[in-house]
Amino acid sequence: SASASHATATNEASTDEATTSTFRSHPSVFSAPTEATEPTEAAPASSVSEPAITTEDAVAREREFILAWTGGDEEALASMTNERTTRIWPGGGATTTLAGPSPTSPSIGRIDAHDLGGSFLTRYRVRWEGGASLESSVWAPATSGEARLVMVHHQSTLIG
């Protein structure tokens with residue numbers, strides 16, 4: 001429901017110290033598998049207008065990002081970017097790509113999405129043995145005219 005996707009993240013106190021740990025990809029990020037959606041036949045453009053992009057679409061794109069990132073799928077990650085993309089890593093470094101190290105055995109918290117007037121902010125926590133981070137992404141409509149979201153900003157902030 002829309003209200004669930006707009007819910008704010010539960011603030012949890014953590015006694016874990018944020019430490020630099022060895023990052024590697026991990027195939028099972030989510031505790032429950034995500035359901036694949038069946039492709040549907042497109043109606044002629046003259047009879048149907050483009051559907052509006054919603055917070056649910058932003059959450060779905062964030063899930064795709066997490067799975068590609070933790071699975072080391074650089075091709076999938078590249079398809080989510082454009083010339084506006086910037087990623088800020090936990091140590092403060094910035095890249096224009098999304099590929100890079102991921103935590104060992106991550107646990108992903110609930111993804112919250114907020115509509116920013118056509119662009120979307122997603123936020124969630126990632127926990128792993130010995131550390132945790134707050135992840136934030138901004139998804140915006142593609143400038144190529146395609147009806148899809150691209151990640152224009154992602155930031156990982158270590159939390160303790």
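Residue pairs meeting the ring pair (Phe, Tyr, Trp, His ring centres under 6.0 Å) criterion with at least one member in residues 74-100, sequence neighbours excluded, do not occur. Residues in residues 139-155 take part in these salt bridge (charged side-chain N to carboxylate O under 4.0 Å, His left out) pairs, two or more places apart or across chains: Glu146-Arg148. Applying the salt bridge (charged side-chain N to carboxylate O under 4.0 Å, His left out) rule to pairs touching residues 149-160 yields nothing, sequence neighbours excluded. For residues 96-107, no pair satisfies salt bridge (charged side-chain N to carboxylate O under 4.0 Å, His left out), with sequence neighbours left out.
For the atom pair Arg84 CZ and Thr96 OG1, the distance stands at 14.0 Å (nearest 0.5 Å). The CD atom of Glu62 lies 11.0 Å from the CG atom of Asp112; values are rounded to the nearest 0.5 Å. Once rounded to the nearest 0.5 Å, the distance linking CZ of Arg63 with OG1 of Thr122 reads 11.5 Å. Here CH2 of Trp139 is found 11.5 Å from CD1 of Ile53. Values are rounded to the nearest 0.5 Å. Here the straight-line distance linking atom CD of Gln155 with atom CG of Leu134 works out to 8.5 Å at 0.5 Å rounding. Of the inter-residue distances, the one linking Tyr124 atom OH with Ser107 atom OG reads 12.5 Å to the nearest 0.5 angstrom.
Within the hydrophobic cluster formed by Ile, Leu, Val, Met, Phe, Trp and Tyr side chains joined at under 4.5 Å, directly or through other members, Ile88 stands alone, with no partner residue.
Phe65 and Trp128 fall within the same hydrophobic cluster, where Ile, Leu, Val, Met, Phe, Trp and Tyr residues are linked whenever their side-chain heavy atoms come under 4.5 Å apart, directly or through other members. Leu121 and Trp69 fall into different hydrophobic clusters, where Ile, Leu, Val, Met, Phe, Trp and Tyr are joined by side-chain heavy atoms under 4.5 Å apart, directly or via other members.
In terms of modelled atom types and a separation under 3.5 Å, the side chain of Asp115 and the main chain of Gly118 share a donor-acceptor contact. Thr85 places a side-chain N or O within 3.5 Å of a backbone atom of Met151 that can act as its donor or acceptor partner. Remark: side-chain polar atoms of Thr54 are paired, donor with acceptor, to backbone N or O of Glu56 under 3.5 angstrom. Side chain of Arg87 to backbone of Leu98: a donor-acceptor contact under 3.5 angstrom is found.
Smallest separation of non-hydrogen atoms from Pro90 and Leu158: CB-CG, 3.7 Å. Pro141 approaches Val150 most closely through the heavy-atom pair O-CG2, 4.4 Å.
Using modelled atom types, one finds no donor on one side chain facing an acceptor on the other under 3.5 Å when comparing Glu135 with Ser137.
In this structure, the side chains of Thr143 and Glu83 come closer than 4.5 Å at one or more pairs of heavy atoms. The side-chain heavy atoms of Thr104 and Glu129, taken from C-beta on, include no pair separated by under 4.5 Å.
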Side chain to side chain contact (heavy atoms under 4.5 Å, CB included), that's the test. Do Ser133 and Thr157 meet it? Break it down for me. CA-CA 5 Å; Ser133 63; Thr157 305; 5.9 Å; no

Side chain to side chain contact (heavy atoms under 4.5 Å, CB included) between His114 and Thr55, intermediate numbers included: CA-CA 6 Å; His114 304 275; Thr55 54; 6.0 Å; no

May I have the list of side-chain donor-acceptor pairs in residues 71-80 shorter than 3.5 Å, sequence neighbours left out?
| unit_1 | atom_1 | unit_2 | atom_2 | d |
| --- | --- | --- | --- | --- |
| Asp73 | OD1 | Glu75 | N | 3.4 |
| Asp73 | OD1 | Ala76 | N | 3.0 |
| Ser79 | OG | Ala76 | O | 2.6 |

